[in-house]
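As structure tokens, the structure follows; a few thoughts come after it.
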Protein chains: 2
Amino acid sequence: MDQSVMEHESTIKEISECMPNEEILYDLAELFRVFGDSTRIKIMYTLFESELCVNDIAEVLDMTQSAVSHQLRVLKANKLVKFRRDGKSIIYSLDDDHVRSILALGMEHVEE
Amino acid sequence: MDQSVMEHESTIKEISECMPNEEILYDLAELFRVFGDSTRIKIMYTLFESELCVNDIAEVLDMTQSAVSHQLRVLKANKLVKFRRDGKSIIYSLDDDHVRSILALGMEHVEE
DNA sequence: ACAACATATGAATAGTTGTTCATGTGTTTA
DNA sequence: TAAACACATGAACAACTATTCATATGTTGT
């Protein structure tokens, strides 16, 4: 095995060592997959400035209550939104500023 | 229509006005959808520190050349990677620092 | 306790997507 | 120029996902 092949092999090895482990990579992909649907993005944008109940989100986006609820479930499971009960309604809001940051960064890339 | 209903209506309207238009939202979702697959994320991570040709990516990730090429096509179409020819090989690299920023932000959220 | 309201959820379906296999295109070398 | 190499691409299939419809759960006011 000559020098250049050995260097090649060690480069390959180095890259593999820098790679985050499978589980983290899968979680990361799942996080982005949640952002990868325009209706979920719309829902997050409705919550950008103020919290809202499910019916209001459905009204703003002209969607069925069921569809919104299903998507909120996904957002909830990935800790992108949080919620609290207020009487009969359940009020949703963005979980933290990470969500806003990620949306903003994505927007920067898209608007170039 | 009483006062509270009017306020409700105007809130709904305000939110709709802040919402980015359909096309932008769709592009944004598409961008994140590209990040939403673990093999594409792996490919981007192999390119995090240094540029690589298709075969090397395939070798590092233990994937077929075809599968890698198909995914590079998606990354290319969304301007997440760029490429240049070098002899028989085509060398891929991350397109800009946006890619690194987005991956890093996502990682922050996941590692909490 | 009961009716009305707000939300969640399960099942089914239609549409989307990642991989594989086979083959095509483009480049180098003998 | 023919063979070998590196990569791209089209078709097909299996796996996944978002929405709809029907219904269940939980809360309020009477």
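All values below come from the heavy atoms of this structure, side chains included, with hydrogens, waters and symmetry mates left out. Note that this is a predicted model, so its numbers are computed, not measured. Just so it is clear: chains get the letters A, B, ... in the order the sequence lines come, proteins before strands, and each one is counted from 1.
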In whole angstrom, what separates [X]'s [atom1] from [N]'s [atom2]?
{"X": "B:Lys76", "N": "D:dA8", "atom1": "NZ", "atom2": "C1'", "value": "7 Å"}
{"X": "A:Asp62", "N": "D:dT19", "atom1": "CG", "atom2": "P", "value": "13 Å"}
{"X": "A:Met63", "N": "C:dT7", "atom1": "CE", "atom2": "P", "value": "14 Å"}
{"X": "A:Leu72", "N": "C:dA8", "atom1": "CG", "atom2": "P", "value": "7 Å"}
{"X": "A:Ile91", "N": "C:dA8", "atom1": "CD1", "atom2": "C1'", "value": "16 Å"}
{"X": "B:Glu59", "N": "D:dA6", "atom1": "CD", "atom2": "C1'", "value": "14 Å"}
{"X": "B:Ile57", "N": "D:dC7", "atom1": "CD1", "atom2": "C1'", "value": "11 Å"}
{"X": "A:Arg84", "N": "C:dA6", "atom1": "CZ", "atom2": "P", "value": "16 Å"}

Value rounded to 0.5 Å, distance of [atom1] in [X] from [atom2] in [Y]:
{"X": "B:Lys42", "Y": "A:Leu28", "atom1": "NZ", "atom2": "CG", "value": "12.0 Å"}
{"X": "A:Leu61", "Y": "A:Asp56", "atom1": "CG", "atom2": "CG", "value": "10.5 Å"}
{"X": "A:Ser38", "Y": "A:Tyr45", "atom1": "OG", "atom2": "OH", "value": "12.5 Å"}
{"X": "B:Asp96", "Y": "B:Ser101", "atom1": "CG", "atom2": "OG", "value": "8.0 Å"}
{"X": "B:Leu103", "Y": "A:Phe32", "atom1": "CG", "atom2": "CZ", "value": "5.5 Å"}

(request) Check whether more than 12 heavy atoms from other residues, nucleotides or ligands sit under 6.0 Å from atom CD of A:Glu112, and answer yes or no. (result)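 Atom CD in A:Glu112 is packed in, count exceeds 12.
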(request) Summarise protein proximity over nucleotides 10-16 of chain D in one line of letters, 5' to 3': B for base, S for sugar-phosphate only, - for none, counting protein heavy atoms closer than 4.0 Å. (result) B------
(request) Heavy atoms under 4.0 Å is the rule here; annotate nucleotides 24-30 of chain D 5' to 3' with B where the base is hit, S where only the sugar-phosphate is, and - elsewhere. (result) --SBS--
(request) Select base, sugar-phosphate, or nothing to describe what A:Tyr92 touches, counting heavy atoms under 4.0 Å on all strands. (result)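 Sugar-phosphate contact only.
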(request) Give B:Ser89 one of three labels, base, sugar-phosphate or nothing, depending on what nucleic acid heavy atoms sit under 4.0 Å from its own. (result)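 Sugar-phosphate, no base atom in range.
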(message) I need the residues from residues 34-46 of chain A with at least one non-hydrogen atom less than 4.0 Å from DNA chain D; give them sorted by number, or say none.
(response)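 When residues 34-46 of chain A is checked for heavy atoms under 4.0 Å from DNA chain D, the hits, listed by number, are A:Asp37, A:Thr39, A:Arg40.
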(request) Answer with yes or no whether A:Gln65 presents, from its side chain, a donor or acceptor under 3.5 Å of a partner atom in the base of C:dA8. (result) yes
(request) Could you pull out all residues at least two apart from B:Glu51 that satisfy side chain to side chain donor-acceptor pair (under 3.5 Å)? (result)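 Result, side chain to side chain donor-acceptor pair (under 3.5 Å) vs B:Glu51: B:Arg84.
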(request) Sequence neighbours left out, what passes side chain to side chain donor-acceptor pair (under 3.5 Å) with B:Arg100? Give chain and number order. (result)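 Applying side chain to side chain donor-acceptor pair (under 3.5 Å) to B:Arg100 gives B:Asp97.
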(message) Is there a path of hydrophobic side-chain contacts, each under 4.5 Å between heavy atoms of I/L/V/M/F/W/Y residues, joining A:Leu75 to B:Met19?
(response) yes
(request) Let me see the working for A:Met44 and A:Leu47 under side chain to side chain contact (heavy atoms under 4.5 Å, CB included), right down to the final yes or no. (result) CA-CA 5 Å; A:Met44 289 189 271; A:Leu47 302 175; 5.8 Å; no
(request) Please check the phosphate of C:dT19 (OP1 and OP2 only) for any side-chain N or O of B:Gln71 closer than 4.0 Å. (result)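 Indeed, a polar side-chain atom of B:Gln71 lies that close.
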(request) Could you say whether A:Val74 or B:Ser69 is positioned toward the 5' end of DNA chain D, judged by the nucleotide with the nearest heavy atom to each? (result)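 The 5'-side residue here is B:Ser69.
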(message) Quick one: does any side-chain atom of A:Asn21 pair with a main-chain N or O of A:Ile24 as donor and acceptor, under 3.5 Å?
(response)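 Answer holds: yes.
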(request) Between D:dA8, C:dT20, C:dA8, spot the one nearest the side chain of B:Thr64, thanks. (result) C:dT20
(message) Once side chain to side chain donor-acceptor pair (under 3.5 Å) is applied, what residue pairs with a partner in residues 25-37 of chain A remain, sequence neighbours excluded?
(response) A:Asp37-A:Thr39
